[in-house]
Every structure is written in structure tokens, then in C-alpha cells.
Number of protein chains: 2
Amino acid sequence: MKLSTRTRYGTRALLDIARHQGDKLVQLKDIAHRQNISLHYLEHIIAPLVGAGIVRSTRGARGGLQLTRRPGEIKLSEVVQLLEGTITPVDCVIDPESCKRSDFCVTREVWGEMKKAIDNTLKTTTLQNLVEREKGKEQASGMKSRRSR
Amino acid sequence: MKLSTRTRYGTRALLDIARHQGDKLVQLKDIAHRQNISLHYLEHIIAPLVGAGIVRSTRGARGGLQLTRRPGEIKLSEVVQLLEGTITPVDCVIDPESCKRSDFCVTREVWGEMKKAIDNTLKTTTLQNLVEREKGKEQASGMKSRRSR
DNA sequence: AACTAAGTTTATTATATTAGTCAACATTGG
DNA sequence: CCAATGTTGACTAATATAATAAACTTAGTT
């Protein structure tokens with residue numbers, strides 16, 4: 001019952017883009033460095049996000065990545081779907097045909113409820129939420145060690 | 001993000017015991033047959049449940065298995081914990097030391113909420129709930145095809 | 001005591017998934 | 001053109017999962 005690193009890294013990469021968006025494009029290289037993820041691996045992770053149109057990539061010098069929608073309009077459920085595929089404790093929950101017992105199996109029902117609980121968490125969180133949390137955290141820790149600006 | 005078959009088979013095995021408990025002990029062989037699970041594999045799955053004392057096994061002729069508590073007192077969260085270990089989308093949620101970013105990582109918070117949602121589902125379901133659901137289902141399907149008793 | 005129906009334990013194997021690396025390639029700004 | 005940057009596909013290593021097999025132990029039954 002683990003999320004793959006694809007999903008975890010990918011989510012962090014998107015959050016990183018959201019936070020560093022400005023005039024310039026955000027470069028993979030920099031994301032990799034800031035997030036401490038292998039550049040090569042990150043390339044593979046970003047690919048499906050670009051493919052799905054959640055991220056736009058610009059090649060060549062001064063190229064880089066940018067989000068195509070506002071962070072508040074990107075739900076984690078969508079991100080996870082793209083990187084992890086449909087999340088489910090068991091296949092039969094999304095594909096009853098995959099098990100003969102589906103019709104009468106009650107454990108299947110519980111796993112279905114589990115999936116719903118998960119989906120609900122992801123559906124109600126956007127990249128914007130994450131950005132705000134991060135800002136909040138930075139401020140909180142900054143107040144302890146530094147003088148206020 | 002899948003549950004292992006251990007957990008799924010194990011849950012079904014417990015449900016099977018709960019439903020077939022009576023004067024006689026429930027035999028592994030019969031569970032394996034009814035649930036369509038390899039006997040050998042089932043042995044491995046039952047072991048930790050016996051070890052944890054949720055199930056008592058009696059050896060020898062006429063031996064078999066029985067629950068040590070009433071089904072209403074066995075939560076799925078406990079069963080899953082024994083078979084799957086602690087369920088978590090990412091290790092850092094239960095062990096902050098496992099990642100340097102734990103202190104300031106906001107994706108970690110979301111995965112934590114996901115875990116909570118999962119735990120909550122499992123905490124609120126008992127074997128007894130499953131037994132009742134199963135009985136309900138059988139009755140419902142019986143009404144269509146058979147005359148009532 | 002011998003027999004036998006269980007459950008127990010340990011090894012082994014096959015397969016799938018995941019994580020990660022490497023290298024060649026394509027595009028574009030300057 | 002050429003240097004910076006993203007794209008793609010092939011490949012590998014490590015790990016986890018699922019399942020099977022076989023030898024072993026225990027405890028009723030006769």
C-alpha cells in the first residue's frame with residue numbers, strides 16, 4: 001500500500017514549478033536540484049504530465065516548464081491519476097470482471113470504501129493548497145530563527 | 001497502491017471462520033476450498049493471525065480454527081495491520097526520520113491525511129459488519145431465484 | 001503404541017514492479 | 001551553427017509478491 005516514487009516525486013516537482021513560476025520558465029535541472037531528484041528520472045516523471053497537458057514544456061535554450069492552469073485548478077487526484085494510474089486497494093473495485101466473486105464478495109465493498117476515502121482526500125487538495133501550506137511553514141520557521149522582514 | 005493478496009485472502013479467511021463457527025472447529029482445508037485459495041498459501045497467511053492470538057488453532061484430528069473474540073470485536077484495522085503491516089502511502093508519514101525533508105515537506109502532510117482516511121475506514125469496520133453484509137446479500141439474491149423459507 | 005489428520009516451519013521458485021541509469025536524439029534561442 | 005534544454009527508448013538492478021513444496025510437529029483415535 002505504497003505510492004510509487006513517481007507519484008511522490010512528480011507531485012513535488014509540480015509544487016516546485018508552482019512555487020517558482022515567474023517571468024522565466026522553470027527548468028528541470030533546477031527542480032531536480034532543489035528537490036534532490038535524479039534529473040534523468042525526473043524526465044520520465046514529467047513526461048506524462050506534459051503529455052496530459054498539465055505542464056507545458058519549451059525546448060531549447062531558455063526553455064523549461066510551466067503549468068498550463070492556475071495551481072488552484074490542479075487537483076491532486078488528477079496528478080496522482082496521471083502518475084500512478086487509478087488508485088485502488090484491489091483491482092476488482094474498479095473492474096468487477098477481474099474477479100468472479102465480485103457479485104457477492106463483501107470484502108470488495110470495504111475495499112471500495114477505502115478507495116473512496118482516498119479519492120476524497122486527493123480530490124479536495126490542489127497545488128495551490130500545497131503552495132499555501134509551504135509558505136505558511138516557511139514563515140513559521142522563519143519567525144523562530146530570523147528577525148522579521 | 002494495492003493491498004497484498006495476503007491481506008485480502010486473510011480477511012476473507014477470517015470472515016469465513018466467523019460465518020462457519022459452530023460446535024465444530026473450522027478447518028483450513030475447508031476454508032481453502034470455499035474461498036478458492038491454495039491451502040499451502042493459506043497456512044502462511046493464517047500463521048500471523050494465530051501468532052497474534054486473534055485465531056486459536058487446535059491440532060490433531062478434529063482440529064481446526066476458531067476466533068478468540070466475537071466478530072464484532074475484531075476490527076479490520078487490526079487484521080490489516082497484522083497481515084500487511086502498518087498501511088501508509090509513504091514511510092515518512094509514520095517515520096519522519098526516514099526522510100530529511102519531513103520537517104518542511106508539505107506533500108508529506110497530504111499523504112498523512114490520506115493515511116488517516118484509510119485508517120478510519122478500517123477502524124470502523126468489524127468482522128461482524130462483514131458477516132451481516134454477507135447475510136444481507138445472500139438473502140437479497142435468494143429472494144430473486146428461490147421461494148422464501 | 002501406532003496411525004493419521006491436522007497445523008507449522010523453512011526453502012525455493014517464478015513473476016512483476018519499481019527505481020534508476022545511459023545514451024542517442026530533437027528542438028530552438030542566440 | 002552550437003549550446004542549452006527537453007524527449008525517447010533501451011536496459012539493469014533491486015525488491016516485493018505470490019505461490020509451491022516438502023519435511024516436521026502435535027494431538028486425537030483406535
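Every chain is numbered from 1, with letters handed out A, B, ... down the list of sequences.
- B:Asp30 has its CG atom 14 Å from the C1' atom of C:dG7, to the nearest Å.
- Nearest-nucleotide mapping onto DNA chain C: of A:Glu43 and A:Thr7, the residue sitting toward the 5' end is A:Thr7.
- Atom CG of A:Leu65 is separated from atom P of D:dT7 by 7 Å (rounded to the nearest Å).
- Distance check: A:Leu3 CG to B:Thr107 OG1 gives 10.0 Å after rounding to the nearest 0.5 Å.
- Considering only side-chain N and O atoms, A:Thr5 lies under 4.0 angstrom from the phosphate OP1 or OP2 of C:dA19.
- Taking every side-chain heavy atom of A:Arg62 into account, C:dG30 is the closest of D:dA18, C:dG7, C:dG30.
- Atom OH of A:Tyr41 is separated from atom P of D:dA10 by 18 Å (rounded to the nearest Å).
- Checking the phosphate oxygens (OP1, OP2) of D:dA19, a side-chain nitrogen or oxygen of B:Tyr9 falls inside 4.0 Å.
- In this structure, of C:dG7, C:dG20, D:dG9, it is D:dG9 that holds the atom nearest to the side chain of A:His44.
- Nearest-nucleotide positions on DNA chain D place A:Thr58 closer to the 5' end than the other of B:Glu84 and A:Thr58.
- Heavy atoms from other residues, nucleotides or ligands lying under 6.0 Å from CZ of B:Arg69 number more than 12.
- The residue among A:His40 and B:Met1 whose nearest nucleotide of DNA chain C is located toward the 5' end is B:Met1.
- Between the side chains of A:Glu97 and A:Ser102, no donor-acceptor pair is found at a separation under 3.5 Å.
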task = Mind running side chain to side chain donor-acceptor pair (under 3.5 Å) on A:Thr126 and A:Glu73 for me, showing each step along the way?
result = CA-CA 7 Å; A:Thr126 66; A:Glu73 283 162 359; over 6 Å; no
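- Distance, B:Leu25 CG to C:dA5 C1': 13 Å, rounded to whole Å.
- Straight-line distance from the CD1 atom of A:Ile45 to the C1' atom of D:dT8: 15 Å, rounded to whole Å.
- A sub-4.0 Å separation between OP1 or OP2 of C:dT8 and a side-chain N or O of B:Ser57 is present.
- Here the side chain of B:Ala61 is nearest to one of C:dA5, D:dG6, C:dG7, namely C:dA5.
- Distance CG (A:Leu3) to P (D:dA16): 16 Å, rounded to an integer number of Å.
- Taking atom NZ of residue B:Lys24 and atom P of nucleotide C:dA6, one finds them 12 Å apart after rounding to whole Å.
- A:Lys29 has a side-chain polar atom (N or O) that falls below the 4.0 Å cut-off from OP1 or OP2 of D:dT5.
- Remark: A:Ser38 is in phosphate contact with C:dT21, judged by side-chain N or O atoms under 4.0 Å from OP1 or OP2.
- Between the P atom of D:dA27 and the CD atom of B:Gln27 lies a distance of 16 Å, rounded to the nearest Å.
- Around atom CZ of B:Arg34, more than 12 heavy atoms belonging to other residues, nucleotides or ligands sit under 6.0 Å away.
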